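Report on the structure given below.
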Amino acid sequence: MAVPPIERPPYQARLNFPWLLDTLLGLLVVAALPLAVLAVPNTLSVVAGLLPGDLDQAGLMRTHGLALPALMLTVPLAAVALRRLPVAHLLLGGLVLVALSDVAGGYAGSEFVVGVVRVLRGVGAGVVLPVTLAAVWDRAPVLRGLWVGVFGLSLLTAQALALWPLDEVTSWKVTLQPYPMVTGVALALAAVHLAVWTAAGRPATAVPGEEDRRRLLWAAAPAAAIAALAIGTASEGWRAVPVLGLAAVAVAGLLVLASIGSAEGRTPAYTMVAVGVVLLPSAAQVTLVEMGGLGGPGLRGLWLPYAVAGVLAIAAAVAVRLFARGAGRWLAPLGLLAVVVGLCSVRLVVPSADGLVLAVPFSLLAAGAAVAVTAALRESGIGAAVFGLSLCCTGVLTGFLLGTGVQMTMLDGVRTAQELVDGFVGALHWWALIGGFLVVAVIVLASVMARRPGKVRAGEASVPCAGVLAPADVLLVRAPAEEPRAGEAVASVAAKAGFQTGDDAEERTKAADPVPAVPSPAQSPEDDASS
């Protein structure tokens, strides 16, 4: 039978200003990703002394924490919306929501308004995260590495960035609008990006396939359950044991979700679950322990190790994206092992009055996470990537629940200031130990599950014809010179089916031996025509 010719998207022939579009996307990643992750920390307790006496402080702190549940619920839904709405429009809309939350934060005067502002910010941040990843997916290779490096750095520094504007403030509302100038810059960049994207011919963006969209909707259900239970723990005053039990069940549920689907999507899912559960909760606890009041160098002493870790994380992610071709299977666990070593170093060097020493655990955590995520994404498509991102965001809340349970256990019954400090440090050390064992368990689980065949998606048959045949029904012969390449036929069929493939998978397809499939004699001409 005739093999269908390869079809190329029409936008490739009329794409204008690619360098300008890539530059704007790089600037947007640097400006918008930290803003999105900055919605996670709950810092209202730091300015509790500035709250008006007629406001319920405990209630305000609970509503201030609604941003993270809103974010983790929005991420999978925004990824699904990529199929219907252009990426440039979604990106601008997400940053508009973040800007509106900044504006509304200046008028907050009640628990209800604070809750609305924080939910609005969480929804905007939840749109920005998957949309920026989809926007850079098929652009210059360095952009995907930049996205992962900035994302890892944002998780590492989110707590410090949230605390920085609160130094010597006179209004508690600063917690609701920490960086309005940066928000304005990101919004302006998104508007210019929309104009350039339109002038460049509205280039298409990678979107999740049908099977990936179903998995994303499945991911939203446990995210909603974990969010509701987390809010309940804060409202009902749960004890340490139920909180730890809930966190353990949540981690197990995330790993079960990560095990569903195709084999190529498991590695990024497992990797991003581990990064979400461990990185931000660990960095937040280290930042709080190293504050000046607890004997550490304070925020000013932490910026240099943060900068060192950020440079290494971005450089490592870009290097893996550009040069580590075909090395994802061993680089992903190697990066997670670096995270484990970073958690071990936290037990050794924290607390420390010398802030520069903290460059060791910070660099291992951020660079290890960046290497692991970048390597895992090399082996996957955009659908698996945004699915892993949604699990990562849910994992952040799960990690906070786990860390909170450990803190409640260590701080139970403290009476003096010294016992309080010792309890915080002890909780951090126990958390680092638990987090290290959890990451090791994820590495082992990922290694075992990678050997098991995943579910084959519709349209991804191994035969480059319209029909679907079992491998035993295919006779492979050498192709004549005028016949199309089998790899091109597979790419054409996959493109028609609407599925996205990773870079390495595409290269392996193009390198396939030119041997088209010939139907076996058992297959009738009528069956072939009906295919």
Side-chain angles (χ1 to χ4, degrees), residues 8-9 11-12 15 18-19 21-30 32-33 36 75-76 78-91 94 126-152 190 193-194 196-197 200-213 215-216 262 264-265 267-269 271-272 314 317-318 320-322 324-325 328 332 370 373-393 491 494-495 497-507 509:
R8 301 191 181 277
Y11 71 85
Q12 289 185 352
L15 178 59
W19 61 270
L21 197 60
D22 290 345
T23 302
L24 284 170
L25 282 174
L27 294 175
L28 270 170
V29 166
V30 172
L33 275 188
V75 167
V80 171
L82 283 168
R83 187 76 176 183
R84 300 294 181 186
L85 299 174
V87 64
H89 295 171
L90 279 173
L91 183 54
V127 172
V128 168
L129 287 175
V131 170
T132 50
L133 178 57
V136 304
W137 190 263
D138 285 335
R139 304 303 305 170
V142 69
L143 287 178
R144 199 190 302 180
L146 178 66
W147 188 95
V148 175
V150 174
F151 180 65
H193 169 262
L194 175 60
V196 174
W197 176 81
R202 302 169 66 89
T205 306
V207 296
E210 185 64 34
E211 181 69 22
D212 294 315
R213 291 199 298 276
R215 293 175 70 203
L216 286 165
S262 61
E264 59 125 19
T267 298
T271 301
M272 297 191 84
I314 295 174
V318 171
V320 171
R321 178 72 182 102
L322 294 179
R325 198 173 298 274
V373 172
T374 308
L377 293 185
R378 287 194 65 94
E379 306 291 332
S380 69
I382 182 61
V386 292
F387 177 72
L389 178 61
S390 27
L391 296 185
C392 177
C393 295
F499 294 100
Q500 304 295 328
T501 56
D503 293 341
D504 294 337
E506 182 180 356
E507 289 164 7
T509 303

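Along the sequence shown, residues are numbered consecutively beginning with 1. In this text the structure is predicted, and so the values were computed from the model without any measurement.
What you find for Val127 and Ala78 is that their closest heavy atoms are CA-CB, 3.9 Å. Heavy-atom minimum distance, Ala332 versus Thr271: CB-OG1, 4.4 Å. The two residues Leu129 and Phe151 come nearest to each other via the heavy atoms CD2-CE1, 4.1 Å. Considering all non-hydrogen atoms of both residues, Ile382 and Pro208 come closest at CG2-N, 4.1 Å. The two residues Ala134 and Ala206 make their nearest non-hydrogen contact at CB-O, 3.9 Å. Annotation for Val75 and Pro130: closest pair O-CG, 3.7 Å, computed over non-hydrogen atoms.
Leu82 contributes atom CG, which lies 9.5 Å from atom CG of Leu216 (distance to the nearest 0.5 angstrom). The structure places CZ of Arg144 at 7.5 Å from CZ of Arg378, a figure rounded to the nearest 0.5 Å. A distance of 10.5 Å separates OG1 of Thr132 from NE2 of His193, quoted to the nearest 0.5 Å.
For the pair Val29/Leu143, no side-chain contact is recorded, criterion being any heavy-atom separation below 4.5 Å from C-beta on. For the pair Met272 and Leu391, the minimum side-chain heavy-atom distance is 4.5 Å or more. Taking the side chain as every heavy atom from C-beta outward, Arg215 and Pro76 never approach each other to under 4.5 Å. In this structure the side chain of Leu146 never reaches within 4.5 angstrom of the side chain of Val136, judged on heavy atoms. Within the 4.5 Å cutoff, side-chain heavy atoms of Leu21 are placed close to those of Pro203.
No hydrogens or angles considered: nothing links the side chains of Trp137 and Thr205 as a donor-acceptor pair under 3.5 Å.
Judged by distance alone, the side chain of Arg321 and the main-chain N or O of Val142 form no donor-acceptor pair under 3.5 Å.
Judged as a ring-ring contact (aromatic ring centres under 6.0 Å, His included), and not counting sequence neighbours, Phe387 has no contacts.
Taking the centre and axis of the six-membered ring of Trp197, the NZ or CZ atom of Arg202 falls outside the cone set by 45° and 6.0 Å.
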